[in-house]
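What follows is one structure encoded as structure tokens, with my remarks underneath.
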4 protein chains.
Amino acid sequence: MTRDKNPRLVALLSGPDRRGIVASLAGWIYEHGGNIIHADQHRDREEEIFFQRIEWDSSSGRLQEEAASFGTFAAGNGMRATVALPGHVPTIAILVSRFPHCLHDLVLRWKTGEFRCRIACVVSNHEDLRADCERFGIRFHHIPVDPGTKNEAESRALALFQEEGVELVVLARYMQILSAEFLERVGCPVMNIHHSFLPAFVGTRPYHQAHARGVKLIGATAHYATAILDDGPIVHQDVVRVSHRHDVSDLIRKGRDLEKIVLSQAVAWQLEHRILIYGRKTVVFD
Amino acid sequence: MTRDKNPRLVALLSGPDRRGIVASLAGWIYEHGGNIIHADQHRDREEEIFFQRIEWDSSSGRLQEEAASFGTFAAGNGMRATVALPGHVPTIAILVSRFPHCLHDLVLRWKTGEFRCRIACVVSNHEDLRADCERFGIRFHHIPVDPGTKNEAESRALALFQEEGVELVVLARYMQILSAEFLERVGCPVMNIHHSFLPAFVGTRPYHQAHARGVKLIGATAHYATAILDDGPIVHQDVVRVSHRHDVSDLIRKGRDLEKIVLSQAVAWQLEHRILIYGRKTVVFD
Amino acid sequence: MTRDKNPRLVALLSGPDRRGIVASLAGWIYEHGGNIIHADQHRDREEEIFFQRIEWDSSSGRLQEEAASFGTFAAGNGMRATVALPGHVPTIAILVSRFPHCLHDLVLRWKTGEFRCRIACVVSNHEDLRADCERFGIRFHHIPVDPGTKNEAESRALALFQEEGVELVVLARYMQILSAEFLERVGCPVMNIHHSFLPAFVGTRPYHQAHARGVKLIGATAHYATAILDDGPIVHQDVVRVSHRHDVSDLIRKGRDLEKIVLSQAVAWQLEHRILIYGRKTVVFD
Amino acid sequence: MTRDKNPRLVALLSGPDRRGIVASLAGWIYEHGGNIIHADQHRDREEEIFFQRIEWDSSSGRLQEEAASFGTFAAGNGMRATVALPGHVPTIAILVSRFPHCLHDLVLRWKTGEFRCRIACVVSNHEDLRADCERFGIRFHHIPVDPGTKNEAESRALALFQEEGVELVVLARYMQILSAEFLERVGCPVMNIHHSFLPAFVGTRPYHQAHARGVKLIGATAHYATAILDDGPIVHQDVVRVSHRHDVSDLIRKGRDLEKIVLSQAVAWQLEHRILIYGRKTVVFD
């Protein structure tokens, strides 16, 4: 086996299930000189949809052509495929308000090489985190948002993202609701962290809601933002135990550790091409 | 220190907070020859309520009198107190429908001595679990429920419970909604297991709801039954990780282990006098 | 797609990794009219070993022949394959001493259909659990063990297992150490539950060891028994939080819930052909 | 109740158990005008030791005197007591080698006000993390360590710590073994993070050991450093699930999140006067 010498392609596929699809895709790769390193698949039996993630070491020497050709082959089998090229470093942008913990966690993972991406910029509706960003050499844009200027603010952010070729927008405790229009126009996934175990405690102040309800676990949920608030496909969730001893400020403090780890895990999966969205759900090949 | 020789009293107290209350209660016990073995307390700072659980070894030789006297002293300090006597074995009844796992778990813990209680009877709206109960020597009553006979069925159950002096009713996956009138008349706590992480997925078929929403964790919640469905004070919750690979039947299977362990833990705390209810919340001195 | 109509074959394979192996196996199944429903694979990069579990719906109408033929094909590719036939119900035996919780948990899962197997018998070195077994209609053999009769006791158990065609022996808190000779002669996997987070606290009285060390989590480990005590390949582990408040008896009580759930999960995976052993490790396709 | 207006004293006590001790201590506080806000206690039944943590709001207006007087009273009852004054901000020092994640986590919690302490300095045997420290305005000392200079290096660190009045030394992945002499002379607690679930995988390269053993969970342990390697009293532990899919580099990456959260939690408890050490164990009043 040739180890780690050949460039690696990663394909994400989905489409109507049919007999022989696994053999067909594996056969194509074999015939083109590829060596499958990982392959993970899933069938939704109710919807009769087939999902697959395949990593293979290519020996063709013409990666872009091979990727395109594989996409065409998949399409011919009724599948939608996206193929990630090894040289490609995705560009992300981060939207944040005042709480720094998720931003810090993302930035430090990026700094230590855990995230393979380029952080184009951080956009915030407050000035508070400018120094934190600039300290790490990340461009910071303050775009204030108020009811009268919301449209304009969103347009400014969109212009920045498009100029930079942003491929993923991360909402790292961004306390503004993005308009349906923004989400439609942004043209890339928008990953949000909600500070509750969705679908419990949708909307504002979920820790206050959790405290009022007297729950014994609090949670955090990473999900794709959609036009309906806190309703998008869920990527990752985790919880931590609380008791009557914890007041709202304790929930907020304990929740911070959840939020940052859940969001960073979801971003990692996105950067590694591990997530497929279908309807209101996700398939995560972890 | 005299170890495990003297009888043990356990008091649960709650009332308006005031300076010196800890010293006052501890002082009373000391003066009456008691030795505090455990004491746990909590202050709700918003509501200014004080909660305490105290276990002490008594040397008075007159337990009932001492317990009553302590209750009077607490009342004089504005506190509501209940004192459990060491010789008292609480009587419980179990309501169940067709799923046996929670019933089995409760019964086996009782058989092996983990639960200190008397199981007066099991009441079910189906015949299915009669043999399971009789195998363990537990009386089984089949009380069918349909829309037209619900009142009558509840009255029959109530009569049984009152005759047996039931002090705790456990709903071990009982798939009927108890009426507000039943809950008012039963005169003892009613502990339910709901097969979701409340307040998410209230009502019927929570695993189906969870699957449709695409959550990445499923949960179970033990709570006191109140007149509003799935809204009573939460005692215990736990979750387990699921993924796109799990269909509804997997969630149901995985959920069973959660349900039985969460319910049995809540029942254990109840039997050990560890739970205080206030408003829609609980204080659990675990 | 034909859903759940055709019989399902499950193959577990392992062998030296080589290019095209995925395509090759998938191609064989496709050519023989099969439809791959699940396929999961793993590569150990250090050892250069390839592992796969494939489930496919067969349309050949000759299952045994197809399974044998697939095994031959795999062998021709340097792989060791075992193929489970859909009609086959595996036979298990349980060894237990005095603690009933793991036995109960296994038996109840079997009774409610969660485990697809036949329980040939329960063998114990004590009489205590006879009634528990007979209540469920399971044959119980009392084979006492003492230093002088150990060899003979093991021989009697072996004879029983061979007579019954036992395919899995489960040690459900069996407090005797099986000899290397027994393990060699038994001719099927032996699954044990150890009541600690291995490799911490090997040997006897692990909860006492854990309490003496002051750990903040206790664990349970399901592993295959080998000639070296508590050293065999680990299948499953879990932990639960403890504190200074818990004495040894609390650890034992809390540990029981861990032990039964960890062991039952490991047995479930075994019965569903999800585990491959290599060296001192396992691949669990869950 | 006077809320959050009066200064708060926190006492940690331990000593031989005796009847009336709870009443006696609570009585003293009441008589001196204090209001007990939290009180948590523990009895080790085997050793007959009593432990308590009491927080009370003082109205004496002479805090230092009250604290000293309480200590004297406790001593008269055979108890060792330490009382923390509200105005006191503890001084800590951090020892680190090359891995930045624990250092970052500690520093960011300190920056956002989650830790109430002064970070006197960071000492490292490598230069790598100087910029990271100076970016946050923290003094950084590079003290190289090699076999020939170890004594001298330790002496330099000790001199720094004593000069700064360091009250807690945190080993944030410091890859040198401190000598027994250093630990004796440092005169304050030394908190270490070990990257395994102790007592499994003592010593170097625990993730490699864990991978070789094929465990299904990996852990991290915060403990006090003592003269015996990885043997000191355990403060906190946590684990995360791994599988055959994870190689050593995955364990290292997943372990980082464990390490930083476990260490930071242990440091938080230390700073809040929540930990009592006795023998090889801890009582953590969380």
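Sequence lines set the chain letters: A, B, ... in the order given, protein chains first and strands last, and positions in each chain run from 1.
- Rounded to the nearest 0.5 Å, atoms CD1 (A/Ile54) and CG (A/Leu9) are 11.0 Å apart.
- Top candidate by heavy-atom pairs under 4.5 Å with chain A, chosen from B/Val215, B/Val283, B/Val202, is B/Val283.
- Taking both residues in full, the closest heavy atoms of A/Ala11 and A/Val83 are given as CB-CG2, 4.1 Å, listed atom of the first, atom of the second, then distance.
- Of the two parts of A/Phe201, only the side chain, counted from C-beta on, holds a non-hydrogen atom closer than 4.5 Å to a non-hydrogen atom of chain B.
- Rounding to the nearest 0.5 Å places CG of B/Leu13 at 7.5 Å from CZ of B/Phe50.
- Taking CD1 of A/Ile36 as the start and CG of A/Leu25 as the end, the distance is 8.5 Å to the nearest 0.5 Å.
- In this structure, the separation between CD1 on A/Ile193 and CG on A/Leu171 is 10.0 Å, given to the nearest 0.5 Å.
- Remark: B/Phe285 CZ to B/Ile275 CD1 distance equals 11.5 Å, nearest 0.5 Å.
- Interface remark: A/Val235 contributes backbone atoms only to the contact with chain B (heavy atom separation under 4.5 Å).
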Can you list every donor-acceptor pair under 3.5 Å that links chain B to chain A?
unit_1	atom_1	unit_2	atom_2	d
B/Asp40	OD1	A/Arg245	NH2	2.5
B/Asp40	OD2	A/Arg245	NH2	3.3
B/Gln41	O	A/Arg245	NH1	3.2
B/His42	NE2	A/His244	O	3.2
B/His211	O	A/Lys281	NZ	2.9
B/Arg213	NH1	A/Gly232	O	3.4
B/Arg213	NH2	A/Asp231	O	3.2
B/Arg213	NH2	A/Gly232	O	3.0
B/Lys216	N	A/Gln237	OE1	2.9
B/Lys216	NZ	A/Thr282	O	3.1
B/Lys216	NZ	A/Thr282	OG1	3.0
B/Asp231	O	A/Arg213	NH2	3.1
B/Gly232	O	A/Arg213	NH1	3.4
B/Gly232	O	A/Arg213	NH2	3.0
B/Gln237	O	A/Arg241	NH1	3.2
B/Gln237	O	A/Arg241	NH2	3.3
B/Gln237	OE1	A/Lys216	N	2.9
B/Asp238	OD1	A/Arg241	NH2	3.3
B/Arg241	NH1	A/Gln237	O	3.2
B/Arg241	NH2	A/Gln237	O	3.4
B/Arg241	NH2	A/Asp238	OD1	3.3
B/His244	O	A/His42	NE2	3.2
B/His244	ND1	A/Val284	N	3.3
B/Arg245	NH1	A/Gln41	O	3.2
B/Arg245	NH2	A/Asp40	OD1	2.5
B/Arg245	NH2	A/Asp40	OD2	3.3
B/Lys281	NZ	A/His211	O	2.9
B/Thr282	O	A/Lys216	NZ	3.1
B/Thr282	OG1	A/Lys216	NZ	3.0
B/Val284	N	A/His244	ND1	3.3

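- Legend: residues meeting side-chain contact (heavy atoms from CB on, under 4.5 Å) with A/Ala200, ordered by chain and number and at least two apart, are B/Pro199, B/Ala200.
- One finds the CG atom of B/Leu251 at 5.0 Å from the CD1 atom of B/Ile218 (value rounded to the nearest 0.5 Å).
- Within the 4.5 angstrom heavy-atom criterion, no atom of B/Ala210 approaches chain A.
- Between chain A and the options B/Ala212, B/Gly279, B/Gly219, heavy-atom pairs under 4.5 Å are most frequent for B/Ala212.
- Inter-residue side-chain proximity for B/Leu178 and B/Val190 is flagged as met; some heavy-atom pair is nearer than 4.5 Å.
- The choice from A/Val239, A/Val284, A/Leu198 that makes the most heavy-atom pairs within less than 4.5 Å of chain B is A/Val284.
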